[in-house]
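These notes are about the structure you will find just below.
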Amino acid sequence: MNSFAAYIQTHKNRFLDELFSLIRIPSISADSTYIPHMHEAATAVTKALQDAGCTHTELCPTKGFPIVYGEKIIDPTLPTVLVYGHYDVQPPDPLELWDNDPFDPIIKKTAIHPEGAIFARGSCDDKGQMFMHIKALEVMEQNGGLPCNIKFMIEGEEEVGSDNLELFVRENIDKLANDVILISDTGMLANDIPSITTGLRGLSYVEVEVTGPNRDLHSGLYGGAVANPINILTKMIASLHDEKNHITIPGFYDKVEVLSQAARNEMGTIPFSKADYENALDIETVYGEEGYTTLERKSIRPTLDVNGIWGGYIGEGAKTVIPSKAYAKISMRLVPNQSSDEITALFTKYFESIAPKGVRVKVTPHHGGEAYVMQPDGLEFQAAKKAYLETFGKAPLPVRDGGSIPIVALFEETLKSKTVLMGFGLDSDAIHSPNEHFGVFNFIRGIETIPHFYTHFTDLYQANR
Ligand code: BES
Ligand code: MN
Ligand code: MN
């Protein structure tokens, strides 16, 4: 065992305790009731960075929640790694589906996590993964010191669209200058199949409102004679996919990146069991766009999904009513070359055009962002690969993921650097869902792997200059 691994073993329980304290702060960015806790979490992250070895930290105010910045610059001629993460979490509801209090973490064994997993909101997305980097800094500092410079930028609005981070990045280009950005906010294939995320999808998110009559009406007196906004909305939504599950919005696919057959064949070699996937979700069969595999559908193809739909009477019993309004929230996951603003505009135009006379339609855009892909041939991927080889004994597979971290494309545009997505979560960790968890193995293995990335990146950087 090298000194990093030995140090981590000795301090493992303290690392977990410290993570638990951070998780206990309910930093839910979407819910204004939790504003004080957002500030509490930002302060706790600042303190953790100081304790781990940052020589300079700042709690940077924004119009929304503060961004935590920290750094340790040891030598300006050495490369600089910028770590990004988020301290905000998704709302935990529905609460009744949790087996424990989402903000009081417990460790439980599961079939996939025989060494135990931390069950709590934010355990994986992203407090647990972000905290691995803070502990990795401590590990390096306590075992010979950093091989290069380090900067941290931990935000509190990732789960609500990172609106203020964009401005912060644009205004602090020099402060954030770096040679590579390192993020752990994605997943890997399995605990014995390490992988690195080489692609993220973009996002366009809209809310739609369909208005019929000026008030809720008696469904007997008026039923049949006026447009029912819920009937209309559901019909409109249903028409957004054709019988092959292609999206029908004109122009939607115009700019979609087309993968070569070779690239698709390569994707086909990624270990994936359709049967396990179906079993884990209790579905008879997968469902999706004709002509694409499940892995392709959930990573390299764009999608359109209703995230929520409401209107009319949903209380106890029956109320005979034609509602005045119906609503839905719709997300579109985008792939390289599609522009989030363009897709939002195409959606809006088309959705308005398919509304029948008798209803009015309003489309309100929410946050969005562009897709990101990295080629697995740069220094940054090579350094990460060497790091995984040391701790997993296997090279990580490059895998394109389906989720979105919109700020990554902006980093490349503004800071001109590549991002390495060293995610240690598993798809089955239930992020955003009840009973979110993060393997203790994954947490520790992450802390072990990260310092090796710093060493190898510094070596490769110096050998290539
Ligand atoms: N960490 C996730 C994104 C993620 C998870 C990417 C797993 C790939 C694999 C992030 O916190 C997240 O939830 N992003 C949102 C988008 C955001 C704009 C709200 C998402 O993907 O829905
Ligand atoms: Mn996240
Ligand atoms: Mn998330």
Side-chain angles (χ1 to χ4, degrees), residues 22-23 27-31 41 45 64-65 83-92 102 120-133 153-166 181-190 195-207 295 298-300 302-308 329-335 340 343-344 365-374 398-411 419-434 436-439 442 446:
L22 185 61
I23 288 175
S27 44
I28 307 167
S29 49
D31 185 341
V45 171
F65 297 119
V83 175
Y84 163 83
H86 60 97
Y87 64 82
D88 64 322
V89 302
Q90 285 278 323
R121 175 56 86 229
S123 56
C124 179
D125 184 12
D126 178 41
K127 284 175 176 167
Q129 297 215 66
M130 175 264 283
F131 200 65
M132 296 181 316
H133 288 271
M153 177 170 64
I154 313 294
E155 70 153 320
E157 300 185 342
E158 197 278 339
E159 300 292 6
V160 289
S162 302
D163 285 351
N164 295 298
L165 184 68
E166 170 159 358
I181 297 168
L182 186 55
I183 304 180
S184 295
D185 193 22
T186 53
M188 57 179 191
L189 288 172
S195 60
I196 289 176
T197 304
T198 51
L200 293 165
R201 284 194 284 197
L203 184 66
S204 161
Y205 201 109
V206 296
E207 185 166 325
L295 279 180
K298 70 190 194 76
S299 65
I300 61 159
T303 62
L304 182 152
D305 277 292
V306 179
N307 293 246
K329 291 185 194 275
I330 297 175
S331 68
M332 288 162 277
R333 296 285 168 171
L334 311 177
V335 298
S340 170
I343 292 295
T344 302
H366 281 273
H367 51 250
E370 314 305 342
Y372 178 76
V373 275
M374 69 114 77
V399 174
R400 281 176 63 170
D401 225 311
S404 308
I405 311 178
I407 205 69
V408 174
L410 185 94
F411 286 157
T419 293
V420 186
L421 296 155
M422 291 183 25
F424 292 90
L426 300 181
D427 276 1
S428 54
D429 285 348
I431 63 169
H432 294 206
S433 300
E436 173 180 353
H437 54 281
F438 187 39
N442 304 66

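Start at 1 and go down the list; that is how both ligands and their atoms are numbered.
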**OP:** Would you mind naming the N, O or S atom of Asp125 nearest to the Mn ion (ligand 2)?
**Re:**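 When I compare the N, O and S atoms of Asp125, OD1 is nearest to the Mn ion (ligand 2).
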
Original post:
How far apart are the closest heavy atoms of Tyr87 and Ser27, and which atoms are they?
Top reply: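 So the minimum-distance heavy-atom pair works out to O-OG, 2.8 Å.
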
Original post:
Nearest heavy-atom pair of Val89 and Glu159: which atoms, and what distance?
Top reply: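 Closest heavy-atom pair between Val89 and Glu159: C-CG, 3.9 Å.
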
Subject >> Identified side chain to side chain contact (heavy atoms under 4.5 Å, CB included) counterpart of Val408 within the set Ile181, Thr419, Asp185 >> reply: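 Among the candidates, only Thr419 passes.
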
Backbone N/O of [Y] and side chain of [X]: donor-acceptor pair under 3.5 Å:
| X | Y | result |
| --- | --- | --- |
| Asp88 | Glu158 | yes |
| Arg201 | Tyr372 | no |
| Arg121 | Glu436 | no |
| Ser340 | Glu370 | no |
| Glu157 | Ser29 | no |

**OP:** Have a look at ligand 1 and work out which part of Pro406, if any, has a heavy atom under 4.0 Å from it: side chain, backbone, both or neither.
**Re:**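 Side chain only.
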
Original post:
With backbone taken as N, CA, C and O and side chain as the heavy atoms from C-beta onward, which portion of Ile431 lies under 4.0 Å from ligand 1: side chain, backbone, both, or neither?
Top reply: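 For Ile431, the contact with ligand 1 is made by the side chain alone.
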
Which protein non-hydrogen atom lies closest to [atom], naming both residue and atom, and how far is it?
| atom | value |
| --- | --- |
| atom 6 (C) of ligand 1 | Gly403 CA, 3.6 Å |
| atom 17 (C) of ligand 1 | Glu158 O, 3.7 Å |
| atom 15 (C) of ligand 1 | Ser404 O, 3.6 Å |
| atom 22 (O) of ligand 1 | Arg333 NH2, 2.7 Å |

Polar atom proximity, [X] to ligand 1 (N or O, under 3.5 Å):
| X | result |
| --- | --- |
| Asp185 | yes |
| Asp125 | yes |
| Thr186 | no |

Original post:
Within less than 2.8 Å of the Mn ion (ligand 3), any N, O or S from Glu159?
Top reply: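 Yes, Glu159 qualifies, because one of its backbone or side-chain N, O or S atoms lies under 2.8 Å.
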
**OP:** Answer yes or no for Glu158: is there an N/O/S atom below the 2.8 Å cut-off from the Mn ion (ligand 2)?
**Re:**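 Not a single backbone or side-chain N, O or S atom of Glu158 is under 2.8 Å from the Mn ion (ligand 2).
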
Subject >> Any His86 heavy atom less than 4.0 Å from ligand 1 >> reply: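 Per 4.0 Å heavy-atom rule, His86 contacts ligand 1.
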
Original post:
Taking the non-hydrogen atoms of His432, is any one of them nearer than 4.0 angstrom to ligand 1?
Top reply: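 The answer is yes: ligand 1 sits under 4.0 Å from a heavy atom of His432.
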
Subject >> His367/Asp163 under side chain to side chain donor-acceptor pair (under 3.5 Å): CA gap, chis, key distance, verdict >> reply: CA-CA 8 Å; His367 51 250; Asp163 285 351; 5.9 Å; no

Original post:
Which word best sums up how the rings of His366 and Tyr205 line up, parallel for under 30°, tilted for 30 to 60°, or perpendicular for over 60°?
Top reply: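 Taking Tyr205 first and then His366, their aromatic rings stand perpendicular (interplane angle over 60°).
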
Original post:
What N/O/S atom of His432 is the closest to the Mn ion (ligand 3)?
Top reply: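 Of all N, O or S atoms belonging to His432, NE2 is the one nearest the Mn ion (ligand 3).
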
**OP:** Number the atoms of ligand 1 from 1 as they appear, then name those within less than 4.0 Å of a heavy atom of Asp401, with their elements.
**Re:**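 Near Asp401, meaning under 4.0 Å from one of its heavy atoms, ligand 1 has 8 (C), 9 (C).
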
